[in-house]
Amino acid sequence: MTWTLHPDRALPAEPGLRAIARGILDATEHLPIVSMHGHVDARLLADDLPFTDPASLLVTPDHYLVRMLVSQSTSPGAIRDAGVRSNGSLGVGGANARGDDLPEGDPREIWRRFCAGWPAFRGTPTRFWLEHVLAEVFEAPVPPSLETSDLLYDHVSERLTSAEYRPRALFERFGIERLATTDAASDPLTAHARLADDGWGDRVIPTFRPDDLLEAGRGGWRDRLAELSDASGVDAFGYDGFLAAMRARRDAFVRAGARATDHGHLSADTTRLADADARRLFDLALRGDLGPGDGEALTAHLLFEQAAMSADDGLTMQLHPGVLRSHDRGLAARFGSDLGFDIPVRTEFTRALRPLLEAFGHRDGFRLIVFTVDETTYSRELAPLAGAYPAMRLGAPWWFLDAPDAIRRFREATVETAGLRNTSGFVDDTRAFCSIPARHDLARRADASYLARLVAEHRLGLDEAIDTAIDLAVRLARESYPVPVGAPLTRDSLTPAVAR
Amino acid sequence: MTWTLHPDRALPAEPGLRAIARGILDATEHLPIVSMHGHVDARLLADDLPFTDPASLLVTPDHYLVRMLVSQSTSPGAIRDAGVRSNGSLGVGGANARGDDLPEGDPREIWRRFCAGWPAFRGTPTRFWLEHVLAEVFEAPVPPSLETSDLLYDHVSERLTSAEYRPRALFERFGIERLATTDAASDPLTAHARLADDGWGDRVIPTFRPDDLLEAGRGGWRDRLAELSDASGVDAFGYDGFLAAMRARRDAFVRAGARATDHGHLSADTTRLADADARRLFDLALRGDLGPGDGEALTAHLLFEQAAMSADDGLTMQLHPGVLRSHDRGLAARFGSDLGFDIPVRTEFTRALRPLLEAFGHRDGFRLIVFTVDETTYSRELAPLAGAYPAMRLGAPWWFLDAPDAIRRFREATVETAGLRNTSGFVDDTRAFCSIPARHDLARRADASYLARLVAEHRLGLDEAIDTAIDLAVRLARESYPVPVGAPLTRDSLTPAVAR
Amino acid sequence: MTWTLHPDRALPAEPGLRAIARGILDATEHLPIVSMHGHVDARLLADDLPFTDPASLLVTPDHYLVRMLVSQSTSPGAIRDAGVRSNGSLGVGGANARGDDLPEGDPREIWRRFCAGWPAFRGTPTRFWLEHVLAEVFEAPVPPSLETSDLLYDHVSERLTSAEYRPRALFERFGIERLATTDAASDPLTAHARLADDGWGDRVIPTFRPDDLLEAGRGGWRDRLAELSDASGVDAFGYDGFLAAMRARRDAFVRAGARATDHGHLSADTTRLADADARRLFDLALRGDLGPGDGEALTAHLLFEQAAMSADDGLTMQLHPGVLRSHDRGLAARFGSDLGFDIPVRTEFTRALRPLLEAFGHRDGFRLIVFTVDETTYSRELAPLAGAYPAMRLGAPWWFLDAPDAIRRFREATVETAGLRNTSGFVDDTRAFCSIPARHDLARRADASYLARLVAEHRLGLDEAIDTAIDLAVRLARESYPVPVGAPLTRDSLTPAVAR
């Protein structure tokens with residue numbers, strides 16, 4: 001019994017276009033994976049332990065998958081029976097916000113629910129990725145369904161006992177050149193240190209994410225300051241100390257191999273405050289006395305200051321605003337975050353980024369990558385900005401938008417204004433380790449399809465299209481996340497040459 | 001002389017795709033029509049009288065058609081001669097806002113103007129629907145043009161004298177399984193009662209639309225309260241009485257077969273007020289003393305209360321915000337509403353629906369369907385919400401957006417995030433009775449085309465595509481508008497099995 | 001050595017669609033060019049001097065080209081070396097904002113930089129246009145590259161010495177029927193007068209652009225008033241005088257052959273003020289005492305007054321709001337405007353245009369054309385408005401949006417609601433004279449491609465598609481910009497008949 005995916009899946013249906021796309025894909029399909037923005041836990045690769053079971057490997061850490069199953073509970077009220085309760089039983093959320101552990105469900109039962117819910121994923125990238133993971137990575141004999149659930153569970157479980165399916169073995173098999181994790185600013189980076197001890201320090205690198213520390217208006221900020229003080233050895237309970245502690249942590253990340261920072265606030269505002277105003281608001285925040293709008297103003301200012309630090313230390317700055325986290329606060333309070341209930345809101349960039357770009361948009365060594373989940377900004381704001389400022393690159397379509405039709409829309413809406421070289425290269429942004437090759441594969445298929453149309457319409461030569469496809473697959477990701485100026489020389493590894 | 005439409009119209013041009021699409025369409029083309037949201041007047045089917053003439057059947061009740069003819073007056077100033085006056089002569093508006101009757105034009109002359117204006121509809125769905133109505137329903141021998149106007153007028157007129165062209169005969173011929181009308185909250189539902197007497201009560205059902213009653217800041221609100229008091233037998237001139245009267249009317253609708261409510265306010269805001277604030281604003285509204293913003297706040301609160309009632313009585317809640325009614329107030333004052341001058345505005349859903357979804361988004365038995373005419377919310381807000389909350393379904397593309405290219409955009413922008421089963425099924429939303437089959441036909445063609453591409457790109461199996469097409473054509477509409485919990489058992493008719 | 005462009009470039013790849021598109025394009029490819037909105041300097045044609053060199057002809061006046069080269073400086077900090085400095089050396093900006101001349105670079109070196117940067121334009125319309133200009137207009141033997149730079153420079157330079165490459169000769173060769181320039185309200189129109197003396201007055205016509213005069217809150221407004229007073233002979237330093245001076249200048253433009261006005265403010269707001277309020281704000285503006293929001297309110301009112309004047313004198317009113325000029329103010333201060341750093345912002349039309357459309361939307365002889373660079377308004381606001389009001393037409397996709405994929409999106413998002421005849425016809429909007437035929441050619445290819453799909457999907461007959469293509473290529477542009485009512489009879493030239 002075998003289950004084989006079509007080699008030309010996600011390429012255009014029209015035979016002429018498909019032949020061209022196939023030719024382009026031939027040049028990128030087997031290139032290494034440069035994964036510069038993701039959410040895999042570094043401990044996974046530091047420990048390199050076998051995965052325990054199919055459910056905790058493939059189902060529970062994937063919020064795309066959880067939310068779809070929740071949304072499709074057979075009756076709307078079954079949220080407790082098939083949804084939120086199964087979030088518990090699915091293992092999502094782990095320890096909840098109140099600190100008590102949720103009971104872990106039986107992984108075979110969780111797997112059965114996932115297989116039964118398979119039809120709900122028709123037309124989604126989740127379906128496409130999971131097909132890749134199951135058929136290509138695990139050589140599963142059949143697609144998921146209620147009937148095949150146990151068969152698949154046993155099949156995948158058996159593979160997981162093999163040394164070939166340990167994390168580092170998969171990392172090698174996937175052809176991953178470099179994998180960036182995402183780490184809190186005060187994270188001690190011990191897993192990365194262990195990886196470095198094993199000679200993996202330049203293959204698995206941290207990314208500096210200080211969101212909580214920049215949102216002084218949110219609960220728990222003082223706890224975050226305490227952690228920052230501890231981690232940095234600098235008292236962060238004062239404006240100057242805070243900035244110094246930030247610089248110290250950024251420096252620690254640079255020394256640990258980081259190439260970038262990552263910032264996900266609700267707004268993209270980067271309005272700089274006058275120094276006295278910034279100090280005043282910071283002091284108000286320390287006293288818990290921020291007035292209406294003060295928190296947002298301070299966040300915007302501190303984001304500007306992060307840009308200033310990037311201009312100094314060379315960490316590529318990644319911005320991805322515009323998501324309202326934990327839309328259902330009751331659900332979040334009971335089961336934690338990352339359940340798929342983070343919902344985008346309208347986002348503004350032209351005015352919001354002006355202070356930052358006026359200050360650093362032409363600065364040598366400063367690099368800003370902007371991601372969005374608001375497609376309306378593609379042709380109106382982001383492509384015009386990226387097509388003008390040298391420091392800015394347009395981030396790949398991601399999160400809700402790293403799917404075949406969405407990637408096509410991204411290219412069609414941005415290339416005509418910003419070209420192809422003002423973009424960052426693909427990022428997979430995933431915490432589902434086994435789906436990394438699937439996601440890069442899909443992106444390369446989507447880009448090959450887009451470029452094939454340009455060729456077929458005589459808007460681009462085939463040689464140019466192939467060269468561009470290699471840019472998009474690997475070169476732009478390498479260029480967009482260079483080794484920071486202050487990094488130790490030993491970190492400055494040579495970038496492997498592209499095969500062709 | 002015959003005029004035959006191409007059987008594969010609106011299917012993809014590429015031969016391989018078309019063959020697949022044709023195969024999918026074969027499975028849905030002859031399925032019954034489930035029309036759960038529309039604006040046909042129930043009296044039409046209760047009376048079952050012959051239609052009088054082609055103009056009043058096909059031209060004057062269709063605001064798509066009227067606005068296009070108005071927009072294309074040969075000189076801009078001809079609005080009085082060919083536009084607004086012909087709105088009068090076209091019969092649109094009927095009695096105007098000042099209460100005096102507009103002169104009815106000569107229907108043959110109206111028909112001539114429509115035929116002369118036929119080229120203006122190139123590329124529009126109106127053209128597609130009218131071709132279907134004329135060629136398929138009326139077996140017209142030729143397309144409209146100034147030259148064929150009289151020939152067509154006589155042809156259609158002759159058909160209208162036949163018993164086969166009476167409303168109920170057409171209803172049967174169209175294969176309509178169930179037709180929902182839209183009715184004011186205080187409507188006595190006498191036409192529906194007459195239909196029930198004739199055994200048609202479950203085939204033509206009312207929909208509860210209380211918009212005027214929820215907009216306390218608008219003129220005429222006290223008149224609406226008086227009507228509500230009369231209709232419900234409950235004094236609605238007080239907050240508690242108002243809610244009780246609403247519940248009573250909802251109950252009457254449920255008993256008359258209703259499956260849903262319908263809400264079309266400018267904003268989607270559902271912010272609940274504290275009880276004391278709600279009472280205070282309601283009292284201010286009664287005294288005509290609402291301050292700035294008070295009317296909107298009260299509307300949002302009352303909309304939340306409607307959701308609470310739906311959570312109780314099981315009526316599916318339909319929301320379609322974001323349209324500025326009667327954009328040209330002078331025109332509306334002279335000729336009434338529904339002239340095609342209702343213009344969309346930017347709409348926000350993520351924050352606006354949060355109160356409602358946090359309260360009822362996981363509630364068993366509560367079902368919310370959200371429609372939009374702001375496409376920018378598809379991938380950014382509505383698909384993420386519908387792809388997470390079990391209670392929410394994404395309404396079909398409608399109004400300005402139920403056209404081939406717009407339907408494609410809807411699927412491409414929503415399926416990758418929300419899948420296909422978090423949608424409501426197609427609704428035709430029309431007051432043009434004869435166009436109902438044309439609109440469902442076009443939607444099925446558009447969906448077959450979309451699904452065919454997924455198949456051709458190896459993103460979906462053909463069997464899955466056919467199964468999904470049947471979902472979209474009939475099953476989802478049946479599921480999304482179930483029989484309310486409180487409905488009399490006799491209403492709970494069996495849903496006919498799908499043919500295949 | 002020859003470089004030949006594919007005759008079917010930018011037509012659909014699928015063979016069936018391409019054949020239909022080719023058939024449609026056959027009917028429009030050689031029609032005259034009606035260029036009713038652009039930025040070519042009238043002096044170019046009045047002087048009719050030979051162009052000096054390839055760089056100042058093709059590179060430096062084209063902000064699309066400059067911004068892309070700037071955005072792609074090999075290191076971000078090379079803005080001074082390869083970017084802004086090369087703006088200077090590229091000759092962009094000419095005299096800067098501080099009034100001193102920038103050194104002109106060596107044109108051969110500028111050309112070399114452009115040729116080296118050629119790969120950055122992959123997928124952009126700039127690439128498509130330049131290929132047309134180089135291969136078709138200049139019969140260049142090879143595409144640009146670092147290696148071919150000198151060869152191309154010499155080839156183009158040699159052509160420029162020929163009489164066939166003088167501006168008027170190219171104008172004839174391009175088949176331009178009429179070319180509208182854009183001119184400040186106080187411009188003496190001397191170049192147009194010289195053109196009229198040569199019998200070219202009806203071929204090259206001015207357009208009235210009073211932006212600076214309507215923005216009373218901006219610096220330099222009093223200087224603009226002084227210029228207006230001088231040009232009109234009416235003291236504009238008072239509300240009544242200002243309006244009278246405006247009317248006088250509009251009249252001068254009408255007498256010089258103008259067909260239209262052009263308005264590009266940040267907002268589309270057209271809210272009329274009460275007369276007393278307008279006078280009060282105007283007086284405050286004269287004293288430099290405008291409060292917050294006053295400037296915007298006065299601009300909106302004065303824009304409404306421009307509409308009122310158009311309703312009187314018959315100049316077609318063109319509106320294109322929504323662009324934040326000179327996003328990088330530091331760059332603008334050093335090197336001037338039009339560097340490609342004008343960035344769009346979200347724009348609102350439904351409410352903003354209501355006052356204007358309620359007042360004049362049905363007025364005989366009034367014509368409003370609305371352009372946008374915010375695609376989100378296509379299906380939501382602009383198509384519904386243009387599909388209802390007789391006075392309003394939807395402007396062609398332009399600026400960032402006059403590219404193959406963007407034009408397709410424009411048609412797909414607007415035609416289903418507004419049809420094809422509620423649009424303005426294509427405008428090239430360019431200051432790059434030699435690219436005019438390339439831009440119209442590309443638009444005709446894009447429209448042929450769109451129409452071919454309608455034909456192939458049996459949504460339109462081939463004869464209708466061809467007729468519509470001719471509408472879009474020439475007829476709608478002629479109709480949308482008619483001779484104003486007050487124009488001298490001698491200006492009222494006959495419009496040449498379309499070839500077929």
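First the proteins, then the strands, lettered A, B, ... as listed; each starts at 1.
- With rounding to the nearest 0.5 Å, the separation of CZ in A:R380 from OG1 in C:T372 is 9.0 Å.
- Relative ring orientation between A:H458 and C:H6 is described as parallel, the plane-to-plane angle staying below 30° on a 0-90° scale split at 30° and 60°.
- Looking at residues two or more places apart in sequence or on another chain, you find a salt bridge (charged side-chain N to carboxylate O under 4.0 Å, His left out) between A:R393 and A:E479.
- Using a 4.5 Å cut-off between heavy atoms, A:Y378 makes no contact with chain C at all.
- Separating the OG1 atom in A:T417 from the CG atom in C:L401 is a distance of 6.5 Å, to the nearest 0.5 Å.
- The distance from atom OG1 of A:T350 to atom CG of C:D342, rounded to the nearest 0.5 Å, is 11.5 Å.
- For chain A, the option among C:G340, C:G322, C:P125, C:G330 with the highest count of heavy-atom pairs below 4.5 Å is C:P125.
- Contacts of C:R445 with chain A are absent, with no heavy-atom separation under 4.5 Å from either backbone or side chain.
- Proximity to chain A (any heavy atom under 4.5 Å) is shown, for C:P404, by both the backbone and the side chain.
- Here A:Y389 contributes atom OH and C:D328 contributes atom CG; the two are 4.0 Å apart, rounded to the nearest 0.5 Å.
- Residues A:E412 and C:D405 come closest through the heavy atom pair CG-OD2, 3.8 Å.
- In terms of heavy-atom pairs under 4.5 angstrom with chain A, the leader among C:E375, C:M68, C:R67 is C:R67.
- The existence of a salt bridge linking A:E464 and C:R127 is confirmed by a sub-4.0 Å separation between a basic side-chain nitrogen and an acidic carboxylate oxygen.
- Neither the backbone nor the side chain of C:T377 comes within less than 4.5 Å of any heavy atom of chain A.
- Salt-bridge formation is not detected for the pair A:D374/C:R346: no Lys NZ or Arg NE/NH1/NH2 atom is positioned less than 4.0 Å from an Asp or Glu carboxylate oxygen.
- Every residue two or more places apart in sequence or in another chain that forms a ring pair (Phe, Tyr, Trp, His ring centres under 6.0 Å) with C:F371 is listed here: C:H37, C:W398.
- In terms of the salt bridge (charged side-chain N to carboxylate O under 4.0 Å, His left out) criterion, residue partners of A:R354 (sequence neighbours excluded) are, by chain and number, A:E358.
- Contacts between residues 14-23 of chain C and chain A, defined by a heavy-atom separation under 4.5 Å, are made by C:E14, C:P15, C:R18.
- A distance of 13.0 Å separates CZ of C:F121 from CG of A:L420, quoted to the nearest 0.5 Å.
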